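Some notes on the structure that comes next.
Atoms within each ligand, like the ligands themselves, are counted from 1 in listed order. Small disclaimer: the values here were computed from a predicted structure and weren't measured.
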Amino acid sequence: MGMNLLYSNDRKGEYPASWYAATAQPLDRFPALTEDVKADVCVVGAGYTGLSAALHLAKAGLNVVLLEAQRVGFGASGRNGGQLGTGQRMEQDGLEKLVGQEDARKLWDLSEDAKTLVKSLIAKHGIDCHLKSGVAHACFSKREMAEEHAYAEHLQTRYGYDEITPLDLDGLQAICPSPAYKGGSLDMGAAHLHPLAYALGLARAAKSAGVRIHEGSEVLELQEGSTARLRCAGGTVTADHVVLACNGYLGGLNRQVAARVMPINNFIAATEPLGEDTARVLARDIAVADTKFVINYFRLSHDKRLLFGGGESYGYRFPSDIEATVRKPMLEIFPHLRQVKFDYAWGGTLAITMKRMPYLTRLTPNILSASGYSGHGVGTATHAGQLMAQAIQGQAEGFDTLSRVPAPGFPGGPAMRAPLLALAMTWFALRDRLGI
Ligand SMILES: Cc1cc2nc3c(=O)[nH]c(=O)nc-3n(C[C@H](O)[C@H](O)[C@H](O)COP(=O)(O)OP(=O)(O)OC[C@H]3O[C@@H](n4cnc5c(N)ncnc54)[C@H](O)[C@@H]3O)c2cc1C
């Protein structure tokens with residue numbers, strides 16, 4: 001399969017040098033798998049998807065083994081922008097056209113369940129991850145602002161969602177004083193959090209629910225069958241059910257998923273603490289995401305740094321200078337931060353689909369997979385884990401609704417998808433630059 005994203009940008013068994021890894025309360029290393037074991041369910045991948053699936057299955061009384069190639073929260077779940085967004089990644093008006101009114105309504109309800117699930121898991125398990133309400137959407141032009149306001153109204157009239165307030169120029173500037181933004185909206189139902197602390201909290205909860213977690217245990221081979229067999233270097237797991245939760249790091253483990261779910265890299269940097277100067281970037285503790293195709297997203301850390309995500313890079317290798325990759329878009333939004341230093345900069349691999357909707361599927365009667373959250377996984381991945389746990393227990397309604405969403409393959413299949421995507425992304429990035 002060529003390059004293995006599990007190891008190409010990171011040191012084996014280590015978290016990246018992120019602000020998140022520097023500030024989360026670490027967990028002791030879980031032992032690698034060293035023998036042949038049996039389980040009701042074997043979950044592969046310990047990000048939000050796998051941790052949530054394992055936790056919910058164990059709570060329901062099933063015997064669960066969770067295999068993680070690196071560390072718990074090593075992947076996108078430990079590196080992301082921490083924004084718990086409203087809705088699906090694809091907007092409701094697009095979904096109404098794609099799947100019809102009835103399923104669009106169900107998908108909206110599921111997305112609200114996803115937000116509620118994250119908030120309630122944090123509360124129930126006492127996860128200390130600095131959860132705070134509020135995400136603002138920022139627009140670059142009056143035209144974009146008008147579209148944003150119309151969409152907020154659509155959510156209110158069609159779906160009864162009244163947590164979004166339209167913001168004019170002054171309203172947005174009162175939250176984020178960037179000369180680039182002309183208005184937008186504020187969604188107090190959305191939230192932001194410390195993503196790695198959240199993942200580690202889920203792992204603690206899964207462990208106490210009885211999940212047997214193994215780190216440093218990459219699944220090298222998956223043999224399908226009425227009982228499946230998963231092989232790691234040190235041992236095997238034989239299980240009645242399998243949950244694949246590898247997202248952007250899946251590699252060649254399953255071709256059907258690989259044809260529809262494509263890994264891409266994204267980057268974040270943490271400035272030095274800004275102290276009193278935080279008001280120059282964010283006057284309130286609200287996260288921001290803007291309308292660029294290569295999206296800029298940012299928020300304050302609890303120690304008053306700006307955590308800024310953005311920047312483009314195509315191909316599987318991270319750029320050699322991640323700081324420069326992030327500094328460029330950051331200075332477009334905050335030109336007055338020219339003198340500010342970065343203390344941390346890191347990258348992560350997420351996964352996208354053609355339609356920017358997650359790909360949930362039953363690969364065989366007893367192998368389920370969920371991935372491709374397209375940059376909207378804090379809520380959706382956590383929820384997909386719960387939906388897979390429910391499907392394994394025979395309640396598949398939510399899982400089936402999501403798995404009905406069309407998921408076309410990338411043109412050219414796994415071999416061609418990366419170069420074609422690079423071309424497409426370059427085109428969209430060019431459009432961003434030209435403002436069309
Ligand atoms: C920089 C960045 C910013 C983002 N910002 C946001 C945001 O603000 N809001 C939002 O909602 N989403 C965001 N996302 C997306 C979000 O992080 C993901 O959708 C989500 O974390 C996916 O969770 P997951 O558990 O499916 O995958 P991951 O967290 O990537 O976990 C997959 C795990 O599987 C393991 N694995 C893979 N293959 C194997 C194998 N063969 N054997 C064993 N283990 C294996 C990997 O080591 C990894 O730990 C962002 C992503 C990135 C990278």
Validation row: L186, H137 side chains within 4.5 angstrom (heavy atoms): no
Closest protein heavy atom (residue, atom, distance) for atom 44 (N) of ligand 1: A69 N, 3.0 Å
If only side-chain N and O atoms count, and only distance matters, is there a donor-acceptor pair under 3.5 Å linking S185 with E148? yes
Which of these, N80, N247, L67, V261, has its nearest heavy atom closest to atom 14 (N) of ligand 1? N80
Does the side chain of Y359 pick up a donor-acceptor pair with the side chain of S369 at under 3.5 Å? no
In this structure, does ligand 1 have an atom that sits under 4.0 Å from one of the heavy atoms of G375? yes
R212 and L66, any side-chain heavy atoms less than 4.5 Å apart: no
Please could you name the atoms of ligand 1 that Y48 approaches to less than 4.0 Å, counting only its heavy atoms? 21 (O), 25 (O)
Please could you name the atoms of ligand 1 that G348 approaches to less than 4.0 Å, counting only its heavy atoms? 53 (C)
Report, in ascending order of atom number, the atoms of ligand 1 lying under 4.0 Å from any heavy atom of F74. 47 (O)
Distance under 4.0 Å to a non-hydrogen atom of G75: what atoms of ligand 1 satisfy this? 29 (O), 30 (O), 49 (O)
Does ligand 1 come near enough to L350 that some N or O of the ligand is less than 3.5 Å from an N or O of the residue? no
Tell me whether G82 reaches ligand 1 (any heavy atom closer than 4.0 angstrom to a ligand atom). yes
Find all atoms of ligand 1 within a distance of less than 4.0 Å from any non-hydrogen atom belonging to A245, and give their numbers and elements. 32 (C), 33 (C), 34 (O)
Would you check whether R71 has a nitrogen or oxygen atom less than 3.5 angstrom from a nitrogen or oxygen atom of ligand 1? no
Would you say the side chains of Y344 and T271 form a donor-acceptor pair under 3.5 Å? no
Check each heavy atom of S217 against ligand 1 and say whether those closer than 4.0 Å belong to the side chain, the backbone, both or neither. backbone
Does either side chain, that of Y48 or that of N80, offer a donor lying less than 3.5 Å from an acceptor on the other one? yes
Non-hydrogen side-chain atoms of E14 and F74 separated by less than 4.5 Å: no
Identify the closest protein heavy atom to atom 30 (O) of ligand 1: which residue and atom is it, and at what distance? A76 N, 3.0 Å
Closest to atom 9 (N) of ligand 1 among protein heavy atoms sits Q83 O, 2.8 Å
Less than 3.5 Å between some nitrogen or oxygen of L6 and one of ligand 1, yes or no? no
Give the residue, atom name and distance (to 0.1 Å) of the protein heavy atom nearest atom 24 (P) of ligand 1. T49 OG1, 3.4 Å
Which residue holds the protein heavy atom closest to atom 5 (N) of ligand 1, what is that atom called, and what is the gap in Å? G81 N, 2.9 Å
Least distance between heavy atoms, G310 atom then V326 atom: O-CG2, 3.8 Å
What is the distance from atom CG of N366 to atom CG of L368, rounded to the nearest 0.5 Å? 8.5 Å
Note the single closest protein heavy atom to atom 19 (O) of ligand 1, along with its residue, its atom name and the distance in Å. G377 CA, 3.2 Å
Looking at non-hydrogen atoms alone, which of F298, Y297, Y373 comes nearest to atom 1 (C) of ligand 1? Y297
Quick one: sort the H194 and W19 rings into parallel, tilted or perpendicular, breaks at 30° and 60°. tilted
For ligand 1, which is the ligand I care about here, please tell me if R79 has any N or O atom under 3.5 Å from one of the ligand's N or O atoms. no
Which one holds for H376 and ligand 1: side chain close, backbone close, both close, or neither close, with close meaning a heavy atom under 4.0 Å? backbone
Give the numbers and elements of all ligand 1 atoms closer than 4.0 Å to a heavy atom of V378. 9 (N), 10 (C), 11 (O), 12 (N)
For the residue pair N266 and R79, confirm or rule out a side-chain donor-acceptor distance under 3.5 Å. no
Among S77, G311, G45, whose heavy atom sits nearest atom 23 (O) of ligand 1? S77
The answer for which part of Y249 has a heavy atom under 4.0 Å from ligand 1 is both
Is any N or O atom of L250, backbone or side chain, closer than 3.5 Å to an N or O atom of ligand 1? no
Going by heavy atoms in the side chains, are C176 and Y181 under 4.5 Å from each other? yes
Suppose I only count heavy atoms of N266 and a 4.0 Å limit; which atoms of ligand 1 are within that range? 1 (C)
Report, in ascending order of atom number, the atoms of ligand 1 lying under 4.0 Å from any heavy atom of V44. 40 (C), 42 (N), 43 (C)
Hey, which of I392, V219, I367 is the one that makes side chain to side chain contact (heavy atoms under 4.5 Å, CB included) with V242? I367
With heavy atoms under 4.0 Å as the rule, classify the contact between N265 and ligand 1 as side chain, backbone, both or neither. neither
On a heavy-atom basis, the closest approach of T380 and P358 is CG2-CG, 3.9 Å
What protein heavy atom lies closest to atom 40 (C) of ligand 1? Include the residue and the distance to one decimal. V219 N, 3.7 Å
Taking atom CG of D93 and atom CG of L98, what is their separation to the nearest 0.5 Å? 12.0 Å
Ignoring hydrogens and angles, state whether a donor on the side chain of Y7 or E218 is under 3.5 Å from an acceptor on the partner side chain. yes
To check your reading of the model: name the closest protein heavy atom to atom 49 (O) of ligand 1, its residue, and the distance in Å. E68 OE1, 2.7 Å
Determine whether Y198 and S77 make a side-chain contact, defined as any pair of heavy atoms from C-beta on separated by less than 4.5 Å. no
